[in-house]
Amino acid sequence: FFVYQIIFVIFVIDKGIIMKTPNNRIKEVLNEKGIKQTWLAEQLGKSFAMVNAYVGNHRQPSLDMIAQIADILQVEPIDLIVFVDKKVKN
């Protein structure tokens with residue numbers, strides 16, 4: 001497995017701070033491949049509730065878990081990660 005370091009990038013924009021934070025694309029990849037969360041949970045040996053939390057971006061999986069999910073879904077780990085803007089200060 002490839003381990004990717006997630007780097008938090010901070011930008012100063014109009015006296016506010018925007019931080020790039022990682023989210024995952026597990027839901028999108030599952031939909032693209034026509035795979036259900038229950039199947040992924042079984043493959044990972046995790047509860048449906050845990051996988052549902054990952055899929056809904058309520059909880060972020062570890063990088064090791066991202067690598068396992070990527071292996072199961074036959075994609076690259078980086079394909080499961082997206083960076084979104086989050087305003088953290090005015």
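Worth saying up front: this structure is predicted, and the values here are computed from it rather than measured.
Across Pro22 and Gln60, no two heavy atoms sit closer than the pair O-CD, 4.2 Å. Trp39 and Leu73 get closest at one heavy-atom pair: CZ3-CD2, 4.4 Å. Considering all non-hydrogen atoms of both residues, Ala67 and Pro77 come closest at CA-CG, 4.3 Å.
Side-chain atoms of Asn57 come within 3.5 Å of backbone atoms of Asn24 as a donor-acceptor pair (strictly under, hydrogens ignored). Side-chain atoms of Asn52 do not come within 3.5 Å of backbone N or O of Gln37 as any donor-acceptor pair. A donor-acceptor pair under 3.5 Å links the side-chain atoms of Arg25 to the main chain of Asp79, judged by distance alone.
Here CE of Met65 is found 9.5 Å from CZ of Arg59. Values are rounded to the nearest 0.5 Å. Note that CG of Leu30 is 8.5 Å distant from CD1 of Ile69, once rounded to the nearest 0.5 Å. Rounded to the nearest 0.5 angstrom, Ile26 CD1 and Ile66 CD1 are separated by 4.5 Å. Atom OH of Tyr54 sits about 8.0 Å away from atom CG of Leu44, to the nearest 0.5 Å.
Residues satisfying the side-chain hydrogen bond (donor to acceptor under 3.5 Å, both in side chains) criterion with Gln43, sequence neighbours excluded, are absent altogether. With sequence neighbours excluded, no residue forms a side chain to side chain contact (heavy atoms under 4.5 Å, CB included) with Glu42.
When only modelled atom types and interatomic distance are considered, Asp71 and Gln74 share no side-chain donor-acceptor pair under 3.5 Å.
With hydrophobic clusters built from ILVMFWY side chains whose heavy atoms lie under 4.5 angstrom apart, Leu40 does not share a cluster with Phe48.
In this structure the side chain of Val75 reaches within 4.5 angstrom of the side chain of Lys33, judged on heavy atoms.
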